[in-house]
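One structure is given below, encoded as structure tokens.
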Protein chains: 2
Amino acid sequence: MKKKSRINIYDVAEAAGVSISTVSRALNDDARISPKTKAKVRAVALRLGFQKNALATSLSTNQTKVIGVIVPQLNREFLSSLVHNIEETAFEMGYSVIVCQTNNSYEREKTYMDTLIASRVAGIVATLSLETESFEHFEKAMEQGIKVVLVDRVTNALKGITKIVVDDYRGSFEGTQHLIDQGYTKIAYLSGPTKQLMYADRLRGFQQAVKEAGLPLKDEWVKYSSNLSFEEGTRIANELLALENPPNAIFTANNLTAISTIARAEELGLKVPEELGVIGFSEEPFSAFMKPSVTSIRQPSKAMGQLAVQKLIEEINSDQNGSYIHQKVVLDTELICRDSTRLRKSG
Amino acid sequence: MKKKSRINIYDVAEAAGVSISTVSRALNDDARISPKTKAKVRAVALRLGFQKNALATSLSTNQTKVIGVIVPQLNREFLSSLVHNIEETAFEMGYSVIVCQTNNSYEREKTYMDTLIASRVAGIVATLSLETESFEHFEKAMEQGIKVVLVDRVTNALKGITKIVVDDYRGSFEGTQHLIDQGYTKIAYLSGPTKQLMYADRLRGFQQAVKEAGLPLKDEWVKYSSNLSFEEGTRIANELLALENPPNAIFTANNLTAISTIARAEELGLKVPEELGVIGFSEEPFSAFMKPSVTSIRQPSKAMGQLAVQKLIEEINSDQNGSYIHQKVVLDTELICRDSTRLRKSG
DNA sequence: AATGAATCTACAAGCGCTTGCATGGCAGCA
DNA sequence: TGCTGCCATGCAAGCGCTTGTAGATTCATT
């Protein structure tokens, strides 16, 4: 049998001359234990270096103080910032965070879900992977009583679940309008996979703004990329700029591709923003430092992270009372005007 | 008493018509159970949607498959990239990762350590907070049998512990030499707090290189910042450039301050790299995209993350055999020459 | 002095799983 | 037929904690 390595409440009880239930209650600040006993028990526990075994507590109480976070990856500014804020808020509320990266793999998302269920996490904050199109794994977790909040990349297929998103449609609409205001007339769009709600919304926002302005909406000016990587941006910018009738502005669905679009344009001898305006959705840390600095649509990662955790824990705690009202929270994006779209001086 | 919400091995045992020990063994692929029984049990478990309670398993076996990661923050490129790779490697090896951000607070580091000990994590990978100068909390964890690996920001005060670092001294030396090779003669240095081993090493590397080259090593050209923030970089660059005898190159101990140094220099009308060379330790995603692109010393975050986890798990598994040999792994940095230090065309 | 209330503490079952040891069944051998 | 030996399975204790309930103590009250 295993050796009893660490000291437990039995040791404390013995040293303090009380029973283990008294130790447990004293440590949990139960009203039934006299202040004197509490003080004694605590002193002994401290002296012995006692550290409560959270596993045993969780097993016994059937609840944990940990939330699982499922995100595609950690090395993207928005996501690492989101996780940063999630962790921060969770810490303040007494929760730990288990981080799971799916690498945008559906399989991996499922695997992680099982792990989190097995770990009996209290709740899960998730940003869907790009591949994810079915959601049984989420339903499974919810059936097991695990609360789930979806952030940023969400789905309408899942009901009875809190969602935190930005108004992608509006953000995209405003970004496009900004281009139009600046005087750009032939605007192309580089979209992510529109199976993803957010990319569909962004595309719609773009299209609507162009349409309302009475500008041309050419099919050949709308391109799709499955992963919106730096290289994809380069490739597609190349395609767009090689068209017989090339656009004079490009709106990209993320910021990384905006960078590579600018780089490619400059390689081709085009001046940004004079000959080509470029704007990208979401914001990377370098967006401001680049030359030209990159106009972008900022997503409020701080608010999103905070809200996600707050709502999640609210729901976890609401279990007693019964029904929790699930909401979809839509946050505003912020247009950050920078040099890459500054056509008119009086922009 | 609480309701038994989820199905457990008792349910499976009953449904399969065997005992719980058989279920347990079948699910754990114990050799003593016949293949037929295993198949039957597994089928039933699957049908019932059984999900093993990891808490109970851990409590019973006295071991968990989770490692704690303690880092100052997640919204720095190097650290988020490090954590990314740690998580990735841990996943491959069957471990989950609990992420803890200290915000460079010693108190918080201690708090997290207690949480991790309470959670009975198998091991901890940590990058010390800037504030941390005493290490009892680490010793406490180690006494409890929790393995610890220190990464990047480490200490010599802790013995019997694996450390993964880059050769800060050498990286700094090489970076300085690069400046000298380029023809810069008056080189200033912006250091982090030298209580931190890594900052001390970087400073030494710089000093040694300057000395060996027979260049002046003026006290007024060495500045210190407690946090190396963007603003600090601006402030200190300002100080340096306002000197009666200003430097013509600045080496900063991180990359963020390199950016703000460049920005400030340009505001002051100085041309980079012609009139001021700038190089920064570590690498940010935007280092390459800036104009001028920023010469920097790259730390191999991928290798560091991988190694940290591999060594940690090695040590965890070595417990049976007895003594594990703790090593300090020193990885090479890589000098990424970019425009901000390109004085000679034939650089 | 006896009684009840109010306080405090201990007992023991239970959370869901692992695991050393016991047991039962059966084939093979004499 | 009776015995040994082996294989597959079951029993039950234990991991460290929580918690309903019973029991002990104290104190005030009559």
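Nothing here was measured: the structure is a model prediction, and the numbers come from that model. Letters A, B, ... are given to chains in the order of the sequence lines, protein chains preceding strands, and every chain is numbered from 1.
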Distance check needed: C:dC17 C1' versus B:Lys65 NZ, whole Å only. 17 Å
Hey, is the side chain of B:Ser24 poking within less than 4.0 Å of OP1 or OP2 on C:dT18, counting only N and O atoms? yes
Can you tell me which nucleotide in C:dG16, C:dC8, D:dT9 comes closest to the side chain of A:Leu59? C:dG16
Students often get this wrong, so: under 4.0 angstrom with heavy atoms, is B:Asn28 touching a base, only sugar-phosphate, or nothing? sugar-phosphate
Tell me if the side-chain of B:Ser60 makes a donor-acceptor pair with the base of D:dG14, cut-off 3.5 Å, by modelled atom types. yes
Below the 4.0 Å mark, does C:dA10 have OP1 or OP2 next to a side-chain nitrogen or oxygen of A:Ser19? yes
Within this structure, what is the CG-to-C1' distance between A:Asp30 and D:dT21, rounded to whole angstrom? 14 Å
Within the 4.0 Å heavy-atom criterion, would you say B:Thr57 contacts the bases, only the backbone, or no part of the nucleic acid? sugar-phosphate
Between the side chains of A:Asp114 and B:Lys52, is the shortest nitrogen-to-carboxylate-oxygen separation below 4.0 Å, so that they form an ion pair? no
For B:Asp29 and D:dA8, give me the distance from atom CG to atom P, rounded to whole Å. 13 Å
Are A:Lys110 and A:Glu107 ion-paired here, with the side-chain N under 4.0 Å from a carboxylate O? yes
Using side-chain contact (heavy atoms from CB on, under 4.5 Å) as the criterion, point out the one residue from B:Ile316, B:Thr64, B:Thr89, B:Val66 that pairs with B:Tyr95. B:Ile316
Interatomic distance where CD1 belongs to A:Ile9 and P belongs to C:dT9 [whole Å]: 16 Å
Ring center gap for B:His137 and B:Tyr106 short of 6.0 angstrom: yes
For B:Arg6 and C:dC17, give me the distance from atom CZ to atom C1', rounded to whole Å. 15 Å
With a cut-off of less than 4.0 Å, is there a side-chain N or O of A:Ser34 near OP1 or OP2 of C:dT9? yes
Should B:Lys36 be listed as having a side-chain N or O under 4.0 Å from OP1 or OP2 of D:dA8? no
If you check the B:Thr37 side chain, which of D:dG10, D:dA8, C:dC8 turns out closest? D:dA8
Give a yes or no on whether a donor-acceptor pair under 3.5 Å exists between the nucleobase atoms of C:dT18, that is its base, and the side chain of B:Arg32. no
How long is the line joining CD1 of A:Ile117 and P of C:dG16, in whole Å? 16 Å
Whichever of B:Gly17 and A:Leu55 has the more 5' nearest nucleotide on DNA chain D, that residue is B:Gly17
B:Glu88/A:Arg108 salt bridge by N-O under 4.0 Å criterion: yes
By nearest-nucleotide position on DNA chain D, the 5'-leaning member of B:Arg120 and B:Thr22 is B:Thr22
Nearest-nucleotide wise, let me know which of B:Arg25 and B:Phe50 is further upstream toward the 5' end of DNA chain C. B:Phe50
5'-most contact on DNA chain C: B:Ile20 or A:Ala31, nearest heavy atom basis? A:Ala31
Taking every non-hydrogen atom, the tightest pair across A:Val99 and B:Glu87: O-OE2, 3.3 Å
Protein-nucleotide distance (B:Glu14, atom CD; C:dC17, atom P), rounded to Å: 14 Å
If you compare every side-chain N and O of A:Asn53 against the phosphate oxygens of D:dG16 (OP1, OP2), does one of them come in below 4.0 Å? no
Whole Å only: how far is the NZ atom of A:Lys38 from the C1' atom of C:dC8? 12 Å
